[in-house]
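Each remark here refers to the structure printed beneath this line.
In what follows, every chain begins at residue 1, and chains take the letters A, B, ... in the order their sequences are listed. Here the structure is a predicted model, which is why all the values come from computation and not from measurement.
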Amino acid sequence: MPTSDLHDPILDWYDEHQRDLPWRRPEASPWSVLVSELMLQQTPVVRVLPVHEAWLERWPTPADLAAEPTGEAVRAWGRLGYPRRALRLHAAATAIVAEHDGEVPSDYDDLLALPGVGDYTAAAVASFAFGRRHVVLDTNVRRVLARVVGGAELPGRSLTRAERDAAAALVPDDAATAATWAVAVMELGALVCTAAGPRCEACPVAERCAWHLAGHPAYDGPPRRAQAWDGTDRQCRGRLMAVLRENHAPVHRSALDATWPDEAQRTRCLAGLVADRLVAQVAPDVYALP
DNA sequence: GAGCCGTGGTC
DNA sequence: TGACCAAGGCT
């Protein structure tokens, strides 16, 4: 199948159905795009929107954030989850000031070197903020291509070389078009070609989709184990972090003890948070955000 | 490469 | 109701 057959329908669909998101507007700075990408890692758009707006209002440039203690970034992160991302974003801002004169770099390798920026985020920022041509492969794109090209309901657990090659072969030659293509396929995955309950009747390429044409065969790959939650260290760490976020003054250990019944686990998690630099011990039995 | 890292919404 | 999942990265 000529891969270009997919371009026009998806680009036209995006032109008509794209969401108006702050980091997509013409006036959005590369910093705004970078902040959005860190926040959107494993976190839905609707929860990111208010935090992103407040973040850019408070820290309009990387230098503004780098000038603050890391704990302020962790507090402003709020309940987005995975608070180490706040630490990484602060560290990225510091590196941007130190190594790039305060300007978010446009080069993929420079972006990849920043804390919290992996292959996806580097490609996304280079593409969305600077119009560069890259293979932007996130979970949405992987799912869309698995269905349209691969005829499978869901992609495999790990990204394969063949999968990356297939995605690369679909990227339009022109850089500006490639950048729009990247965001368009992601948007299609987010709004139509969703993991559960895809709306094939609204899909611009349903009649070219291998999975749709095959009658929606069910996923038959290796089982995807569900994340445990109740009683895990992650839940315990979340409780501890919530207390420290809510208190602007340092808190005594007794206030933390009340949040989790298992003392051994609680102590271990607190030590882990300190080791991760998400929590600072400011005195014996007294803790605060760093 | 598998395991770990938060949080809250959805069907 | 609860399992699944949401623009990943790091070790």
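- A donor atom on one side chain and an acceptor atom on the other are found under 3.5 Å apart for A/Ser106 and A/Arg132.
- Nearer to the 5' terminus of DNA chain B, by closest-nucleotide assignment, is the contact made by A/Pro83 (compared with the other of A/Pro83 and A/Val46).
- Within residues 229-261 of chain A, the residues that place at least one heavy atom under 4.0 Å from DNA chain B are, in residue-number order, A/Trp229, A/Asp233, A/Arg234, A/Arg237, A/Gly238, A/Arg245.
- Between the side chains of A/Arg88 and A/Tyr82, no donor N or O sits under 3.5 Å from an acceptor N or O.
- The distance from atom CG of A/Leu49 to atom P of B/dG8 is 16 Å, rounded to the nearest whole Å.
- Between A/Gln265 atom CD and B/dC4 atom P the separation is 13 Å, expressed in whole Å.
- Residue pairs meeting the ring-ring contact (aromatic ring centres under 6.0 Å, His included) criterion with at least one partner in residues 223-262 of chain A, sequence neighbours excluded, are absent.
- Note: A/Ile96 CD1 to A/Leu111 CG = 8.0 Å, rounded to the nearest 0.5 Å.
- A/Arg245 is linked by a side-chain hydrogen bond (donor to acceptor under 3.5 Å, both in side chains) to nothing, counting only residues two or more places apart in sequence or in another chain.
- Partners of A/His216 under the side-chain contact (heavy atoms from CB on, under 4.5 Å) rule, at least two apart in sequence or in another chain, are A/Cys200, A/Trp211, A/His212.
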Task: Base versus backbone protein contacts along nucleotides 5-11 of chain C [heavy-atom cut-off under 4.0 Å; B, S, -] - done: -BBBSS-
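- When heavy atoms are screened at a 4.0 angstrom cut-off, A/Leu80 is found touching base atoms of the nucleic acid.
- When the P atom is used for both B/dG3 and C/dA7, the distance is 23 Å, rounded to whole Å.
- The pair A/Asp262-A/Arg268 fails the salt-bridge criterion, with no side-chain N (NZ, NE, NH1 or NH2) lying under 4.0 Å from an Asp/Glu carboxylate O.
- The separation of C/dG9 from B/dG8, taken at their P atoms, amounts to 23 Å, rounded to a whole angstrom.
- Applying the side-chain contact (heavy atoms from CB on, under 4.5 Å) criterion to A/Val51, with sequence neighbours excluded, gives A/Met39, A/Leu80.
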